[in-house]
Peer 1: 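Got a structure for you, written out below as structure tokens; questions coming shortly.
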2 protein chains.
Amino acid sequence: MTGSFDADRPIYQQLAHRFRERIVTGYWQPGERMASVRDLALEYGVNPNTVQRALAELEREGLAIPERTSGRFITEDEVLLRSTKRQLAVEATEEWAKRLRALGLNRAEGAQLAAVVWTDNHEPNGHEPGKPDKPDKPDKGE
Amino acid sequence: MTGSFDADRPIYQQLAHRFRERIVTGYWQPGERMASVRDLALEYGVNPNTVQRALAELEREGLAIPERTSGRFITEDEVLLRSTKRQLAVEATEEWAKRLRALGLNRAEGAQLAAVVWTDNHEPNGHEPGKPDKPDKPDKGE
DNA sequence: GTTACTGTACTAAGCACTTAGTACAGCGAT
DNA sequence: ATCGCTGTACTAAGTGCTTAGTACAGTAAC
């Protein structure tokens with residue numbers, strides 16, 4: 001079981017989000033073959049149906065390509081990978097700004113909070129005890 | 001109907017979040033009487049039961065105080081109001097930082113994104129056409 | 001061919017969220 | 001007392017998410 005899930009949102013959406021992160025960060029390399037639906041279900045402690053539902057989203061986005069009988073593969077479209085990564089970062093930042101504006105905070109106050117949070121919680125990496133280190137490829141973010 | 005809701009998360013939680021924002025920003029003033037469960041349900045286009053479930057959360061947090069037969073009132077505990085507001089802002093920022101770190105971005109890249117988002121989407125206020133302007137009281141955020 | 005894997009597609013059950021509807025007790029104004 | 005409001009508490013139905021279980025077609029290794 002890799003991590004756990006919020007009870008608030010559908011698991012298949014949280015799964016899709018984690019898969020997206022693994023793909024755009026290069027944790028799963030372009031062209032690489034993904035683990036099977038059944039193996040991923042075991043790894044994450046959920047039902048294979050739930051994994052399949054999550055993967056259906058990634059296929060609609062073109063990040064994963066199903067091969068019907070031989071497995072599922074990560075896209076090699078580097079442009080798509082970069083733009084998806086950028087979009088995820090922008091969305092996260094827009095939501096954050098929206099929430100802070102709803103609280104009546106301005107840009108300067110947001111920046112100050114960001115500085116505090118980014119220095120305090122500094123857990124450099126969240127490695128699973130039993131999992132080997134993957135290439136990761138820093139990618140120098142945009 | 002004031003705004004709409006994500007299909008992803010329970011409505012009662014989204015409602016509770018909006019109510020919290022209205023309280024800590026002073027849009028609903030301390031000591032003020034809230035609209036009734038039935039009126040809020042009409043205003044937001046949901047079932048009274050859903051509103052009550054949202055309000056139950058605010059009561060557990062001490063932000064709203066039910067008076068059994070005469071209505072529900074906003075707390076006058078200014079310390080609680082300020083600490084709640086601070087906490088909401090910190091939580092939003094921590095989630096944002098967590099998502100960006102998962103994408104492999106560092107603090108500087110996050111700050112750059114923040115600057116972009118905060119200058120582009122500048123919709124100063126989201127007023128409802130039929131609703132009057134409320135005091136709002138800038139509050140100078142912490 | 002046989003075996004073992006792959007993606008894909010169903011069913012039935014359990015659970016949480018939402019809704020409509022109903023009901024009761026207490027307060028205030030008439 | 002009566003009327004109209006308040007918070008509160010329940011039921012029953014519908015819907016969506018999750019799960020276990022089963023099944024089928026295609027590929028690869030043997």
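Just so we're on the same page: letters track the sequence lines, and every chain starts at 1.
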Peer 1: Quick one: sort the B:Phe5 and B:Tyr44 rings into parallel, tilted or perpendicular, breaks at 30° and 60°.
Peer 2: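 Because their plane-to-plane angle lies in the 30° to 60° range, the rings of B:Phe5 and B:Tyr44 count as tilted.
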Peer 1: Starting at CZ of A:Arg38 and ending at C1' of D:dC24, how long is that distance when rounded to a whole Å?
Peer 2: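 After rounding, the reported distance stands at 11 Å.
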Peer 1: When the nearest nucleotide of DNA chain D is assigned to A:Thr50 and to A:Thr69 on a heavy-atom basis, which residue is associated with the more 5' position?
Peer 2: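 It is A:Thr50 whose nearest nucleotide is closer to the 5' end.
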Peer 1: Send over the distance from A:Tyr12 OH to C:dT8 C1', rounded to a whole Å.
Peer 2: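 To the nearest whole Å, that distance equals 18 Å.
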Peer 1: Starting from P on D:dT8, measure out to CD1 on B:Ile65 and report it in whole angstrom.
Peer 2: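 Taking atom P of D:dT8 as the reference, CD1 of B:Ile65 is at 12 Å.
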Peer 1: Would you please confirm or rule out a distance under 4.0 Å between OP1 or OP2 of C:dA20 and any side-chain N or O of B:Asn47?
Peer 2: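 Yes.
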Peer 1: Considering only side-chain heavy atoms of A:Asn49, which listed nucleotide, C:dG7, C:dC10, C:dT19, is closest?
Peer 2: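 The listed nucleotide nearest to A:Asn49's side chain is C:dC10.
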Peer 1: Given the structure, check if the side chain of A:Asp39 and the base of C:dC5 hold any donor-acceptor pair shorter than 3.5 Å.
Peer 2: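 It does not, because no donor-acceptor pair links the side chain of A:Asp39 to the base of C:dC5 below 3.5 Å.
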Peer 1: In whole Å, what is the span from the CZ atom of A:Phe5 to the P atom of C:dA16?
Peer 2: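 Rounded to the whole Å, the gap is 18 Å.
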Peer 1: If you pin A:Met34 and B:Pro48 to their nearest nucleotides in DNA chain C, which one's is more 5'?
Peer 2: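 The residue whose closest nucleotide sits nearer the 5' end is A:Met34.
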Peer 1: Counting only N and O atoms by type, is there a donor-acceptor contact under 3.5 Å from the side chain of B:Gln14 to the main-chain atoms of B:Asp6?
Peer 2: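 Side chain of B:Gln14 to backbone of B:Asp6: a pair is present.
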Peer 1: Taking the nucleotide of DNA chain D with the nearest heavy atom to each, does A:Arg9 or B:Arg68 sit closer to the 5' end?
Peer 2: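 Between the two, 5'-proximity favours B:Arg68.
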Peer 1: Which part of the nucleic acid, if any, lies within reach of B:Gln52 when heavy atoms closer than 4.0 Å are counted: base, sugar-phosphate only, or nothing?
Peer 2: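 Base contact.
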Peer 1: Counting side-chain heavy atoms from CB outward, which of D:dT6, C:dG21, D:dT8 is closest to B:Pro66?
Peer 2: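 Closest nucleotide to the B:Pro66 side chain: D:dT8.
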Peer 1: Does the distance from a Lys or Arg side-chain N to an Asp or Glu carboxylate O, for B:Glu57 and B:Arg20, drop under 4.0 Å?
Peer 2: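 A salt bridge is present here (some side-chain N lies under 4.0 Å from a carboxylate O).
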Peer 1: Atom CD of B:Gln13 and atom P of C:dA16: how far apart are they, to the nearest Å?
Peer 2: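 Checked: the CD to P distance equals 14 Å.
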Peer 1: What is the distance from CG of B:Asp6 to C1' of C:dC17, rounded to the nearest Å?
Peer 2: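 About 15 Å, once rounded to whole Å.
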Peer 1: Between B:Arg53 and C:dC17, is there a side-chain N or O to OP1/OP2 distance below 4.0 Å?
Peer 2: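 Result: yes.
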Peer 1: Check whether any side-chain nitrogen or oxygen of A:Ser70 sits under 4.0 Å from OP1 or OP2 of C:dC5, and answer yes or no.
Peer 2: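 For C:dC5, OP1/OP2 do not have a side-chain N/O of A:Ser70 under 4.0 Å.
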Peer 1: Is the side chain of A:Glu109 donor-acceptor paired with the backbone N or O of A:Asn106 at a distance under 3.5 Å, no angle test?
Peer 2: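 Between the backbone of A:Asn106 and the side chain of A:Glu109 there is a qualifying donor-acceptor contact (under 3.5 Å).
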Peer 1: When the distance from CG of B:Leu55 to C1' of D:dA9 is rounded to whole Å, what number comes out?
Peer 2: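 Interatomic distance, CG of B:Leu55 to C1' of D:dA9: 15 Å.
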Peer 1: Relative to A:Tyr27, does A:Arg18 satisfy both conditions: NZ or CZ under 6.0 angstrom from the six-membered ring centre, and within 45 degrees of the ring's axis?
Peer 2: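 No - A:Arg18 does not lie over the ring of A:Tyr27 by the 6.0 Å and 45° rule.
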Peer 1: If you compare every side-chain N and O of B:Ser36 against the phosphate oxygens of D:dT6 (OP1, OP2), does one of them come in below 4.0 Å?
Peer 2: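 Indeed, a polar side-chain atom of B:Ser36 lies that close.
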